[in-house]
*Asks:* 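Provided herewith is a single structure, encoded as structure tokens, for subsequent inquiry.
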Amino acid sequence: MIPIVTIEGSTASGKSRLALMFAHKMETDIISADSRQIYRFMDIGTAKPTQEEMESIRHHLIDIVNPDVRYNAGDFSKDAGLIIKQLKEEGKLPIIAGGTGFYIKSLIEGIFKSPDIPLELRVKLEKEAETIGLDAMHAKLMEVDPDAGENIYKQDKQRILRSLEIYYYTGKPISVHWKEQKVKEEYKPFKILLTDERELIYKRIENRFDVMIEAGLLDEIDSLLKMGYTKDDYGLTAVGYKEFMPYFYEHAEFEDCIEQAKQNTRRYAKRQQTWYRRQEFDLIINPKDINEELVTNLYKNFKQL
RNA sequence: GGCGAGAUAGCUCAGCAGGUAGAGCAGAGGCCUGAAAAGCCUUGUGUCCCCAGUUCAACUCUGGGUCUCGCCA
């Protein structure tokens with residue numbers, strides 16, 4: 001099993017700072033586990049590391065696709081796996097840092113190997129849902145795959161259609177795929193979580209967003225639109241971007257968009273915290289306890305691996 | 001200073017021929033196996049501004065007060 005270290009936590013919890021300090025100490029690279037920092041041209045709003053930071057420490061899986069590409073947990077699991085192998089050969093301890101908990105879970109615990117579903121099937125199911133309604137779709141799922149259906153809310157179109165498309169395409173219920181999935185024991189993770197009081201996280205989110213605006217977030221969005229990307233491209237559904245679409249498309253009030261963006265970021269942080277409560281960690285720390293001593297202690301722990 | 005309108009949940013407001021109140025938003029709690037910065041579920045008790053009066057009973061009616069917002073000076 002390959003030892004790896006993960007650094008997780010909600011947005012604005014200090015992950016990057018700890019990851020950078022630790023990577024310097026360990027003389028290794030950082031693998032970003034962030035579903036939005038993968039996009040090129042989206043730097044300010046996704047709070048990517050600065051140019052200097054990226055020059056001092058090599059970061060992987062940042063700026064790997066254009067904003068119109070859909071990337072997912074399966075892609076991440078595969079891509080990160082390759083980089084981990086490579087780092088292992090170089091004798092480096094991989095540090096995986098980022099706020100997309102589901103990506104990290106998929107990497108460590110594995111995710112069932114889904115075939116690529118043809119677009120036509122998705123479109124067909126989408127249309128069917130529109131005509132007969134979601135309740136009926138959920139009822140269909142309950143017939144073919146009650147195990148999956150029971151655990152999906154009747155309004156959760158995303159998951160209902162996903163389960164159905166897997167059933168129709170592979171002839172096997174998604175819940176059976178899950179059961180057949182082998183336990184992944186490729187990595188030996190040491191998982192670190194950064195947490196803080198909600199109020200403080202919220203405050204940091206708001207300050208950081210103001211800084212982003214000052215740093216030219218609007219220009220960044222504007223140039224994305226000028227490059228031809230639209231509100232329908234996946235990258236632009238990121239928090240901090242999507243809220244400004246009404247401003248560019250419908251002349252909504254700038255200030256309202258800012259408030260909306262801050263609020264969505266708060267909600268996002270809340271969802272992350274809920275997610276982390278259910279995950280297990282080896283070390284839970286508060287951002288204010290990030291210092292040289294902590295990093296040195298971590299270093300001593302991992303140096304011999 | 002005059003006239004008018006209003007004062008009810010953190011915010012915006014609704015409501016009651018008088019029987020102690022309810023929406024939206026915010027917030028909170030939760031779910032999560034290829035869209036995860038996504039998607040989805042659950043969740044509303046507060047001196048109904050204060051004081052007095054009428055009444056079996058007032059947030060609801062009457063009087064006074066305080067404050068806020070308009071318009072006029």
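In the text below, chain A, chain B and the rest are named by the order of the sequence lines, each starting its count at 1.
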*Asks:* Contact class for A/Ser106 (heavy atom, under 4.0 Å): base, sugar-phosphate, or nothing?
*Replies:*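 Nothing, no heavy atom under 4.0 Å.
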*Asks:* How far does the P atom of B/rC61 sit from the matching atom of B/rC16, given to the nearest Å?
*Replies:*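 Looking at atom P only, B/rC61 and B/rC16 are 10 Å apart.
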*Asks:* Considering only side-chain heavy atoms of A/Tyr234, which listed nucleotide, B/rA38, B/rG34, B/rC31, is closest?
*Replies:*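 The listed nucleotide nearest to A/Tyr234's side chain is B/rA38.
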*Asks:* Under 3.5 Å for both distances, Watson-Crick or G-U wobble, that's the pair rule; now give the dot-bracket for RNA chain B, with | marking pairs to another strand and [ ] for crossing ones.
*Replies:* (((((((..((((.....[..)))).(((((.......))))).....(((((..]....)))))))))))).
*Asks:* Can you check whether A/Ser35 has a side-chain N or O nearer than 4.0 Å to OP1 or OP2 of B/rA36?
*Replies:*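 False: A/Ser35 side-chain N/O out of range (4.0 Å or more) of B/rA36 OP1/OP2.
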*Asks:* What's A/Tyr241 touching, base or sugar-phosphate or nothing? Going by heavy atoms closer than 4.0 Å.
*Replies:*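 If one applies the 4.0 Å heavy-atom cut-off, A/Tyr241 turns out to touch nothing in the nucleic acid.
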*Asks:* Write down the distance between OH (A/Tyr268) and C1' (B/rC32), rounded to a whole number of angstrom.
*Replies:*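 Spelled out: OH on A/Tyr268 to C1' on B/rC32 is 14 Å.
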*Asks:* Between atom NZ in A/Lys231 and atom P in B/rA38, what is the gap in whole Å?
*Replies:*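 Rounded to whole Å, this separation is 16 Å.
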*Asks:* Between A/Lys262 and A/Glu243 (salt bridge meaning N to carboxylate O under 4.0 Å), is one present in this structure?
*Replies:*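 A/Glu243 and A/Lys262: not salt-bridged.
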*Asks:* Taking A/Glu180 first and then A/Lys172, would you say they form a salt bridge - that is, a charged N and a carboxylate O separated by under 4.0 Å?
*Replies:*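 Between A/Lys172 and A/Glu180 there is a salt bridge, with a charged N closer than 4.0 Å to a carboxylate O.
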*Asks:* Between B/rG44 and B/rA36, how far apart are the C1' atoms? Round to whole Å, please.
*Replies:*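 Rounded to whole Å, the distance is 30 Å.
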*Asks:* Heavy atoms under 4.0 Å, any strand shown: does A/Arg159 hit a base, just sugar-phosphate, or nothing?
*Replies:*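 Here A/Arg159 touches the bases of the nucleic acid.
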*Asks:* Using the P atom in both, what is the distance from B/rU62 to B/rG4, to the nearest Å?
*Replies:*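 These two P atoms come out 15 Å apart once rounded.
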*Asks:* For the pair made of CD in A/Gln279 and P in B/rA36, what is the distance, rounded to whole Å?
*Replies:*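 Interatomic distance, CD of A/Gln279 to P of B/rA36: 16 Å.
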*Asks:* For B/rU20 versus B/rA57, give the span between their P atoms, rounded off to a whole number of Å.
*Replies:*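 Roughly 15 Å separates the two P atoms.
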*Asks:* Distance check, C1' atoms only: B/rG27 and B/rG19, in whole angstrom units.
*Replies:*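 Pairwise C1' distance, B/rG27 against B/rG19, rounds to 33 Å.
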*Asks:* State plainly whether the residues A/Glu165 and A/Arg122 are in salt-bridge range, i.e. N to O under 4.0 Å.
*Replies:*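 Yes, this pair counts.
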*Asks:* Have a look at A/Tyr71 and say if it touches a base, only the backbone sugar-phosphate, or nothing, with a 4.0 Å heavy-atom cut-off.
*Replies:*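 The answer is sugar-phosphate, as A/Tyr71 gets under 4.0 Å only of primed atoms, P, OP1 or OP2.
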*Asks:* Is A/Lys191 paired with A/Asp282 through a side-chain N to carboxylate O contact shorter than 4.0 Å?
*Replies:*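 Looking at A/Lys191 together with A/Asp282, the answer is no, because their closest N to O distance does not fall below 4.0 Å.
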*Asks:* Between B/rA35, B/rA36, B/rA37, which one does the side chain of A/Arg162 approach most closely?
*Replies:*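 So the nucleotide nearest the side chain must be B/rA35.
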*Asks:* Does the side chain to side chain donor-acceptor pair (under 3.5 Å) test come out yes or no for A/Glu206 and A/Tyr202, once each step is laid out?
*Replies:* CA-CA 6 Å; A/Glu206 275 153 36; A/Tyr202 283 2; over 6 Å; no
*Asks:* Just say parallel, tilted or perpendicular for the rings of A/Phe76 and A/Tyr103, cut-offs at 30° and 60°.
*Replies:*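 Ring orientation, 0 to 90° scale: parallel.
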*Asks:* Base, sugar-phosphate or nothing for A/Arg278? Non-hydrogen atoms, less than 4.0 Å.
*Replies:*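 Contact class for A/Arg278: sugar-phosphate only.
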*Asks:* Just to be sure I understand the rule, does A/Tyr202 reach a base, reach only the sugar-phosphate, or reach nothing, if contact means heavy atoms closer than 4.0 Å?
*Replies:*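 The answer is sugar-phosphate, as A/Tyr202 gets under 4.0 Å only of primed atoms, P, OP1 or OP2.
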*Asks:* Starting from P on B/rG34, measure out to CD on A/Glu109 and report it in whole angstrom.
*Replies:*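 Taking CD of A/Glu109 and P of B/rG34, I get 14 Å after rounding.
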*Asks:* Going by 5.5 Å between centroids and 30° between planes, is there a stack of A/Tyr153 over B/rC31?
*Replies:*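 Per 5.5 Å and 30° rule: no stacking.
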*Asks:* Which sits closer to the 5' end of RNA chain B, A/Gly240 or A/Lys179, going by the nucleotide each is nearest to?
*Replies:*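 Nearest nucleotide further toward 5': that of A/Lys179.
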*Asks:* Looking only at atom C1', what distance separates B/rG63 and B/rC25, rounded to whole Å?
*Replies:*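 It comes out at 37 Å once rounded to the nearest Å.
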*Asks:* Using a heavy-atom cut-off of under 4.0 Å over every strand shown, decide if A/Lys242 touches base, sugar-phosphate, or nothing.
*Replies:*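 The answer is sugar-phosphate, as A/Lys242 gets under 4.0 Å only of primed atoms, P, OP1 or OP2.
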*Asks:* Consider the side chain of A/Thr274, meaning its heavy atoms from C-beta on, and name the nucleotide among B/rC31, B/rA26, B/rA37 that approaches it most closely.
*Replies:*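 So the side chain of A/Thr274 is nearest to B/rC31.
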*Asks:* Within the 4.0 Å heavy-atom criterion, would you say A/Asp34 contacts the bases, only the backbone, or no part of the nucleic acid?
*Replies:*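 The answer is base, as A/Asp34 lies within the cut-off (heavy atoms under 4.0 Å) of a base atom.
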*Asks:* Taking the side chain of A/Phe102 as heavy atoms from C-beta outward, which of B/rU33, B/rA35, B/rC32 is closest to it?
*Replies:*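 Selected nucleotide (nearest to the side chain): B/rU33.
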*Asks:* What is the distance, to the nearest angstrom, from the CZ atom on A/Arg267 to the P atom on B/rC40?
*Replies:*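 In whole Å, B/rC40 P lies 12 Å from A/Arg267 CZ.
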*Asks:* What nucleic acid atoms does A/Lys105 come within less than 4.0 Å of, heavy atoms only: base, sugar-phosphate, or nothing?
*Replies:*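 No contact at all - A/Lys105 keeps every heavy atom at 4.0 Å or more from the nucleic acid.
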*Asks:* Name the orientation class of the two ring planes belonging to A/Phe254 and A/Phe244 (parallel below 30°, tilted from 30 to 60°, perpendicular beyond 60°).
*Replies:*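 Tilted: the ring planes of A/Phe254 and A/Phe244 meet at 30° to 60°.
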*Asks:* B/rC11 and B/rC40: how far apart are their C1' atoms, nearest whole angstrom?
*Replies:*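 My reading of the C1' atoms in B/rC11 and B/rC40 gives 26 Å.
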*Asks:* Quick one: do A/Asp75 and A/Arg70 make a salt bridge, cutoff under 4.0 Å?
*Replies:*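 Judged by the 4.0 Å cut-off on N to carboxylate O distance, A/Asp75 and A/Arg70 do not form a salt bridge.
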*Asks:* Just call it for A/Thr100: base, sugar-phosphate, or nothing, with non-hydrogen atoms closer than 4.0 Å on any strand.
*Replies:*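 Sugar-phosphate only.
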*Asks:* Hey, which sits more toward the 5' end of RNA chain B by its nearest nucleotide, A/Ile174 or A/Thr237?
*Replies:*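 It is A/Ile174 whose nearest nucleotide is closer to the 5' end.
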*Asks:* Out of A/Lys300, A/Met26, A/Lys25, A/His24, which one pairs with A/Val295 under the side-chain contact (heavy atoms from CB on, under 4.5 Å) rule?
*Replies:*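 Single pass found, and it is A/Lys25.
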*Asks:* Using the P atom on both, measure B/rA23 against B/rU42 and round to a whole Å.
*Replies:*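 B/rA23 and B/rU42 have their P atoms separated by 15 Å.
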*Asks:* Check A/Lys288, A/Arg204, A/Gln273, A/Lys203 against A/Asp196 for a side chain to side chain donor-acceptor pair (under 3.5 Å) and give me the one that passes.
*Replies:*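 The option that passes is A/Arg204.
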*Asks:* Expressed as a whole number of angstroms, how long is the span from A/Ile108:CD1 to B/rU33:C1'?
*Replies:*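 In whole Å, B/rU33 C1' and A/Ile108 CD1 are 15 Å from each other.
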*Asks:* Determine the contact category for A/Asn151: base if any of its heavy atoms lies under 4.0 Å from a base atom, sugar-phosphate if only primed atoms, P, OP1 or OP2 are that close, otherwise nothing.
*Replies:*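 Touches nothing.
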*Asks:* Write down the distance between NZ (A/Lys262) and P (B/rA37), rounded to a whole number of angstrom.
*Replies:*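 Interatomic distance, NZ of A/Lys262 to P of B/rA37: 21 Å.
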*Asks:* Should the side chain of A/Arg36 and the base of B/rA38 be counted as holding a donor-acceptor pair, with the cut-off at 3.5 Å?
*Replies:*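 No pair found.
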*Asks:* Does any donor atom in the side chain of A/Arg266 or A/Ser10 lie under 3.5 Å from an acceptor atom in the other side chain?
*Replies:*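 There is no such pair (donor and acceptor under 3.5 Å, judged by atom type) between the side chains of A/Arg266 and A/Ser10.
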*Asks:* Name the nucleic acid region contacted by A/Gly101, choosing base, sugar-phosphate or nothing; use a 4.0 angstrom heavy-atom cut-off, strictly under.
*Replies:*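 No contact at all - A/Gly101 keeps every heavy atom at 4.0 Å or more from the nucleic acid.
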*Asks:* Taking atom P of B/rA37 as reference, at what distance in whole Å does atom CG of A/Leu236 sit?
*Replies:*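 Nearest whole value for this atom pair: 16 Å.
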*Asks:* Do the side chain of A/Gln181 and the base of B/rU33 come within less than 3.5 angstrom through a donor-acceptor pair of N or O atoms?
*Replies:*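 For A/Gln181, whose side chain was compared with the base of B/rU33, there is a donor-acceptor pair (under 3.5 Å).
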*Asks:* Ignoring backbone atoms, test whether A/Arg271 places a side-chain nitrogen or oxygen under 4.0 Å from the OP1 or OP2 oxygen of B/rA38.
*Replies:*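 A/Arg271 to B/rA38 OP1/OP2: side-chain N or O found under 4.0 Å.
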